[in-house]
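Any value given below was found using the heavy atoms of this structure, including those in side chains, with hydrogens, waters and symmetry copies removed. Residue numbers start from 1 in every chain, and the chains themselves are labelled A, B, ... in the order their sequence lines are given, proteins ahead of strands.
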Amino acid sequence: MGRARLIGGMSVRFHFAAAIDTALRQAAASAGFEAALFAPDVRVAAAQHGDYQANGVLAFAKQTKQNPRAAAQALVAALPVELAALAEVAIAGPGFLNFTLRPAALEAWLAAHASSASLAAAAAAGSPISGQTWVVDYSSPNTAKQMHVGHLRSAVIGEAVARIAAFGGARVIRDNHIGDWGTSFGKIIWAYKQALATDRAALEAALAATPLEEFERLYKVGNTAADADPAVLEASRAELVKLQSGDPENTAIWRRIGEVSVAAFQKIYDLLGIRFDHTLGESFYNDKVARVYEELLGCGVAEESQGALVVFHDENPRYSRHAERPNPFIIRKADGAANYASTDLATILYRAEHFKADASLYVVDKRQGDHFEQLFLTAQKWFEKSGRPLMRLEHLGFGTVLGEDGRPLKTRSGENIKLKDLLQEAVERARRLVDEKSGELPEAERAAIAEVVGVGSVQYADLSQNRSSDYTFSWDKMISLEGNTAAYLLYAVARVRSIFRKLGLQPGDAASEAGASPLETGPELALARKLVQFADAQSAAVATLRPHVLCLYLYELAGAFSAFYTADKVAVENPAVRARRVRLCARTLLVLETGLQLLGLRTLDRM
RNA sequence: GUGUCCGUAGCUCAGUUGGAUAGAGCAGCCGCCUUCUAAGCGGCUGGUCGUGGGUUCGAAUCCCGCCGGACACGCCA
């Protein structure tokens, strides 16, 4: 916490809240407060109260039956002198402590954190997850199916969480746990062979042109036929058995399905800035589930019930064998086949043994909450009985994407909206706006801007809302490009870049900031205050794994910049005033671009 | 039946390990471009925080009841 960096003999904090926390704990110790009863409770304050407030004195005074104002006075009197250089301290109301950062402290921060490397190093240094290995499990589509709008959130939120964790100093492993195994492949293979026998040329042509769409079509053909005709169902099962026993022809077909699916997914991932380290799907764990059954039976966690292998959690009324409607965790089906639970357990073991993971995060629809609760309970007992340390397991659930009618988002004909089509429409809508607003730019640049704005708007619309709530998808809200939207942030970035272009300066160039005079105007100070709060937003994002806290911060930062931009001109004659404003602009650009990158968005020079 | 989540301004949402006068955006109204990008800025209007109790210095936040809504619950993922 509060690792200091020495600049010209002065210690410059990255995270002022952490520095205040440390100072308050020191003061509490020297004032004789019992450490166990006093937690500073430092938080970002509403602007009228300063930069930070500490509310911990109230709780402390309540517990120890003291007068809170007297306790606050004792604490303030004991504060280390270094803090007085950092912030002005005031006692307010019943015993709140308000801290207003001194302009010199703001300026020192701006001078010290001039590069993305500096920000990243400072963030990692103060981070509780620094050095840990985190597996982030996200996207996870099924092969032989196109990704639809339901797959958007996992991909976008997962990528942002991965980037936020990495910036917080974790070694992040991105794992795409694709659904590439299961009964549906028997049906696809059956339909594939039918098509092959009927018209080989047409099949190959379709597979060459739009391979994933063709396999998706074949699955529907097989599924429909199997529903209608028991003989087809039987034939599909036979194909599945052949696949599972390693038949070369069926294995080759299955491999091809996987390859074309992953290739199609990657096109979407490229737009969204996603690149996985591993794509270890369900099939990967196929030969690893037997060990799970053996171990769980061996340590008495699992038992047989109605022919299936199950785990009850009797301490939890809902998963207890005594529940009115028992809901055991089925880890092997009665027919002996593996299911979602089997492979998820094998996956946890693999991540523990192979990756030595300290955490495994599942960015999955919140409706699967029961599954993960049972999975984690099971893993906990299993690892405890087998003497293994258990990693942090967390289900980062997200809500459903709803249409403006409040129902899950569908096309007019009631089908799922393809993610590819959604992104394409976003780019088209953005293009119309770019043509309207910036028609003077060259055609190729307008197309590039439209892609960044369109795709970024979709990502940002998703990320800016608390991930666990359902969210209402609205083209108008998203593409109107006003308010808390990607376009507003990208526009702020483009305006800063434009200033540097006009001045012929490179952002962050020390010479351009030399001789800066002290911050003076209200908008300058407000912008500087918002800039140093990057540390708060970043640490809150790591602590909560909720990207929307970062979005909200970036939006406020862009707002502070826009107000500054309107009020205070950078390109002024006075070199000292110009230098301090150039520095503010450079840091605004740095923080906005760093933040947008953490969210997985690209930025623009012009728009 | 059991359980999870939700209900905040006309709309979409922040804010919930209890803190100060509940905040934004959109929509509506009024202003601001001969000056670094107006996809911008400033201002105004708008809320019994579903409802009734309780806990306490203090409740949108915690507890209980009720109303309304979403979702999940043996061999799908």
Side-chain angles (χ1 to χ4, degrees), chain A residues 39 41 43 45-46 48-49 53 55 58-59 61-62 68 92-96 98 140 142 179 182-184 282 305-310 316-320 323-335 337 339-341 343-344 364-371 373-374 397 399-400 402 404 406-408 430 433-434 436-438 453 461 464-466 468-472 474 476-477 480-485 487-488 490-492 494-503 523 548-549 551-552 555-556 558-559 561-572 581 585 606-607:
Chain A
D41 189 14
R43 55 183 82 183
Q48 70 270 27
H49 299 131
Q53 60 175 297
N55 299 345
L58 289 165
K62 186 175 184 175
F96 300 112
N98 292 335
S140 315
N142 294 320
T183 53
S184 60
E282 287 161 358
S305 167
Q306 298 178 22
L309 192 61
V310 307
N316 181 321
R318 306 189 43 230
Y319 308 127
S320 161
E324 197 172 334
R325 286 171 58 176
N327 179 23
F329 194 47
I330 298 167
I331 65 170
R332 187 181 64 204
K333 300 197 286 183
D335 65 4
N339 66 2
Y340 194 37
T343 51
D344 270 347
V364 180
D365 193 312
K366 71 176 177 185
R367 286 173 294 190
Q368 293 186 29
D370 282 4
H371 166 78
E373 193 177 0
Q374 293 179 98
T400 309
L402 304 175
E404 292 183 67
R407 314 286 315 275
L433 254 130
V434 174
E436 177 195 325
K437 305 277 186 189
S438 307
V453 172
S464 59
Q465 189 151 122
N466 192 338
S468 51
S469 9
D470 291 348
Y471 97 89
T472 306
S474 157
D476 288 340
K477 181 186 170 191
S480 73
L481 314 180
E482 288 170 359
N484 189 4
T485 62
Y488 182 78
L490 295 174
Y491 184 65
R495 292 219 287 185
V496 187
R497 288 226 168 258
S498 172
I499 291 173
F500 283 101
R501 224 171 16 247
K502 287 274 162 59
L503 294 176
H548 80 282
V549 305
C551 292
L552 188 62
Y555 174 58
E556 289 170 354
F561 171 74
S562 295
F564 159 77
Y565 181 94
T566 304
D568 295 329
K569 195 171 161 70
V570 179
V572 294
R581 291 183 181 167
C585 287
R606 296 197 291 190
M607 64 183 280

Go ahead and write out RNA chain B as dot-bracket, 5' to 3': ( ) for pairs within the strand, [ ] for ones crossing earlier pairs, | when the partner sits on another strand, dots for unpaired; Watson-Crick or G-U wobble, both distances under 3.5 Å.
-> (((((((..((((.....[...)))).(((((.......))))).....(((((..]....))))))))))))....

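Contact annotation: Y488(A) does not reach the phosphate of A24(B) (side-chain N/O to OP1 or OP2, under 4.0 Å).
Heavy atoms of D568(A) sit under 4.0 angstrom from at least one base atom. Using a 4.0 Å heavy-atom cutoff across all strands shown, K502(A) reaches sugar-phosphate atoms only and no base atom. Note on N466(A): only backbone sugar-phosphate atoms sit closer than 4.0 angstrom, heavy atoms only; bases stay farther off. When heavy atoms are screened at a 4.0 angstrom cut-off, S469(A) is found touching the sugar-phosphate backbone but no base atom. Residue contacts for F329(A): at a heavy-atom cut-off of 4.0 Å it reaches no nucleic acid atom on any strand shown.
On the C1' atoms, U61(B) is 10 Å away from C49(B), given to the nearest whole Å. When the P atom is used for both G46(B) and U4(B), the distance is 40 Å, rounded to whole Å. Nucleotides C62(B) and G19(B) have their P atoms positioned 10 Å apart, rounded to a whole Å. Nucleotides G31(B) and C66(B) are separated by 49 Å at their C1' atoms, to the nearest Å.
With hydrogens and angles ignored, no donor-acceptor pair closer than 3.5 Å exists between the side chain of T485(A) and the base of G25(B).
Salt-bridge check for D470(A) with R367(A): failed, with every basic side-chain N at 4.0 Å or more from each acidic carboxylate O.
For H49(A) and A20(B), the ring-to-base geometry satisfies the stacking test (centroid distance below 5.5 Å, interplanar angle below 30°).
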What are the atom names and distances for every N/O pair under 3.5 Å that joins the protein to nucleotides 17-19 of chain B?
| residue | atom | partner | partner atom | Å |
| --- | --- | --- | --- | --- |
| G19(B) | OP2 | R43(A) | NH1 | 3.3 |

Can you check nucleotides 29-32 of chain B for protein contacts, nitrogen or oxygen pairs under 3.5 Å, and list what you find?
none

